[in-house]
Amino acid sequence: ERTYSTLMQGLFKQGRIEDALELWKEMDSNGCAPRNFSYNVMLHGLFQNGRMEEAMKLVEEMFTKGVSPNAVNFNTIINGLCKHGKTEEAIRLMKKMSEYGSSPDAVTFTTIIDGLCKEGRLEVAIRLMGKMSECGSKPDTVTFTTLIDGFCKEGRLEEASSLVENMSRRGLRPDVVTFTTIINWICEQGRLGEALRLMEEMCGKGFRPNHCDLEYIIKAFCKEGRLEDANKLLEDMANIGIPPNTATFNAMNNDLCKARGLQKTEELLEKMMKAGFEPDAVTYCTLMDAMLKEQRVEDALGIHNVLTSKGRAPAVHTRNMLLRKLFKNGELNVAVEFIDGMLANGCIPD
RNA sequence: ACUGGAGUUUACGAAU
């Protein structure tokens, strides 16, 4: 069972959902009855890959097979619901946990708090944090960081910093994600100098900056047209052992597309591939978007087709981008053809 | 062995 679970987890991570499902069937037919943790791997994988209905079916199956969900299962389901915009359902489920001998823990609460924050329901989120103690739980660094991110994204700076204070009053230390959250938000405000200073402070506390910091700061530099500074930062980061990756390239690339046109981008893309970086979904999305903006619809469609034929069909969002352009240009026949092709390739429209 | 928080691309609207 452990081997199967590990394998399925790996398959889900690579987006190979059908393969994982196959393995799940095989496991069953080999007389290996899945327990909570195997169900959890499946649930998590299905939710992560947007296969909500199948996940919910699996939950029913757990019940009919007499596998009572444990706290981790509940948390996984609650997270799945939240990530699909069903926060209210998630809250209802949390209230039911006690009927099954589990009680909500910090993970449960933080998951729902995150869902509420992402919906902009910050007051409700704060109130929920206040209720954690009733369940014998208490907020941790992750809970606070979730809220800090929520308030930052809504531009509610003072409340965000009072959360930081509240956190340290409780003896909770900020971790690298907390720092990154704040650094990103300071960048967003265009206060780049402060962001860089905070990053140094973070290093001073023994945390290593990571790509979440790097890409955001790069983006901010580019926005201000400070390309040399961006390149300098890339060098500095590489020197402390954080070499650029595909996401870093993407961040630079976006600016190139917008400010300097596609030719430079294509040069950079070539350079990147020569350096051994694989373009990813974001790379292609950026590139296709830029092509569409320059009316190079054929080229964008070409990339789409190549990716699809390689079994790496772009996400719904990217496909919608193309469709929108086709409609805008009045190319209805091409659009219809495109949709047919999508369906034939098993892509589900949203 | 399985669950929660941060980063790079994409819509729309407004203004010009």
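These values consider heavy atoms only, across backbone and side chains, with no hydrogens, waters or symmetry-generated copies. Being a predicted model, the structure only gives us computed values, none of them experimental. Residue numbers begin at 1 in each chain, while the letters A, B, ... track the order of the sequences.
- Evaluated for a side-chain contact (heavy atoms from CB on, under 4.5 Å) with A:T181, the options A:V177, A:N184, A:T178 yield exactly one hit, A:V177.
- Following chains of ILVMFWY side-chain contacts shorter than 4.5 Å, one cannot reach A:F37 starting from A:F74, and the two form parts of different hydrophobic clusters.
- Within the 4.0 angstrom heavy-atom criterion, base atoms lie near A:D175.
- Going from atom CG of A:L11 over to atom P of B:rC2 covers 16 Å, rounded to whole Å.
- Atom pair A:N36:CG and B:rU3:P shows a separation of 14 Å (rounding to whole Å applied).
- Checking the phosphate oxygens (OP1, OP2) of B:rU9, no side-chain nitrogen or oxygen of A:K293 falls inside 4.0 Å.
- Grouping the Ile, Leu, Val, Met, Phe, Trp and Tyr side chains by contacts below 4.5 angstrom, directly or via other members, places A:L198 apart from A:Y216.
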Per-nucleotide pairing state of RNA chain B [Watson-Crick or G-U, under 3.5 Å; [ ] pseudoknot-crossing; | other strand]:
................

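- Within residues 219-232 of chain A, the residues approaching RNA chain B are A:K219, by heavy-atom distance under 4.0 Å.
- Counting non-hydrogen atoms under 4.0 angstrom, A:E1 reaches nothing in the nucleic acid.
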Apply ring-ring contact (aromatic ring centres under 6.0 Å, His included) to residues A:F327 and A:F338 and explain how you reach the verdict.
CA-CA 11 Å; A:F327 280 119; A:F338 183 81; 9.7 Å; no

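- Heavy atoms of A:T286 sit under 4.0 angstrom from primed sugar atoms or phosphate atoms, though from no base atom.
- If you take NZ of A:K138 and C1' of B:rG4, they are 16 Å apart, rounded to a whole angstrom.
- Nucleic acid contact for A:D105: none, since no nucleic acid atom lies under 4.0 Å from a heavy atom of the residue.
- The base of B:rG4 lies close enough to the side chain of A:T110 for a donor and an acceptor atom to sit less than 3.5 Å apart.
- The phosphate of B:rA6 has OP1 or OP2 within less than 4.0 Å of a side-chain N or O from A:K118.
- A straight line from CZ of A:F37 to C1' of B:rU3 spans 14 Å, rounded to a whole angstrom.
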Yes or no on side-chain contact (heavy atoms from CB on, under 4.5 Å) for A:E159 and A:L147, after CA distance, side-chain angles and deciding distance?
CA-CA 10 Å; A:E159 287 143 295; A:L147 281 161; over 6 Å; no

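- The base of B:rA6 is paired with the side chain of A:N210 by a donor and an acceptor separated by under 3.5 Å.
- Around the CG atom of A:N333, the shell of radius 6.0 Å holds no more than 12 heavy atoms that belong to other residues, nucleotides or ligands.
- The distance from atom CG of A:D289 to atom C1' of B:rC12 is 14 Å, rounded to the nearest whole Å.
- In this structure, A:K83 reaches the B:rG5 phosphate: one of its side-chain N or O atoms is under 4.0 Å from OP1 or OP2.
- A:T246 comes within 4.0 angstrom of no nucleic acid atom, judged by non-hydrogen atoms across all strands.
- Within the nucleic acid shown, A:A251 comes within 4.0 Å of sugar-phosphate atoms alone, with no base atom in reach, counting heavy atoms only.
- No N or O donor and acceptor, one from the side chain of A:T111 and one from the base of B:rG4, sit under 3.5 Å apart.
- Counting non-hydrogen atoms under 4.0 angstrom, A:H211 reaches a base of the nucleic acid.
- The residue A:T143 sits close to a base: some heavy atom pair falls under 4.0 Å.
- We find that CD of A:E215 is positioned 15 Å from P of B:rA6, with the value rounded to whole Å.
- Taking only distance into account, the side chain of A:D140 meets the base of B:rG4 through a donor-acceptor pair shorter than 3.5 Å.
- When hydrophobic clusters are built by joining Ile, Leu, Val, Met, Phe, Trp and Tyr residues whose side-chain heavy atoms come closer than 4.5 Å, directly or via intermediates, A:M199 is grouped together with A:I148.
- Residue A:L192 is grouped with residue A:L157 when hydrophobic side chains (ILVMFWY) are merged at heavy-atom distances under 4.5 angstrom, including chains of intermediate members.
- A sub-4.0 Å separation between OP1 or OP2 of B:rC12 and a side-chain N or O of A:K328 is present.
- The distance between atom CG of A:L147 and atom P of B:rG4, rounded to the nearest whole Å, is 17 Å.
- Looking at heavy-atom distances under 4.0 Å, A:A71 makes no contact with the nucleic acid at all.
- Two residues are said to be in side-chain contact when any heavy atoms from C-beta on lie closer than 4.5 Å; A:I242 and A:N210 fail this criterion.
- A:F63 and A:Y39 fall within a single hydrophobic cluster, where Ile, Leu, Val, Met, Phe, Trp and Tyr are joined by side-chain heavy atoms under 4.5 Å apart, directly or via other members.
- Listed pair A:N184 / B:rA6 fails the phosphate criterion, with no side-chain N or O lying under 4.0 Å from OP1 or OP2.
- A straight line from CH2 of A:W185 to P of B:rG5 spans 21 Å, rounded to a whole angstrom.
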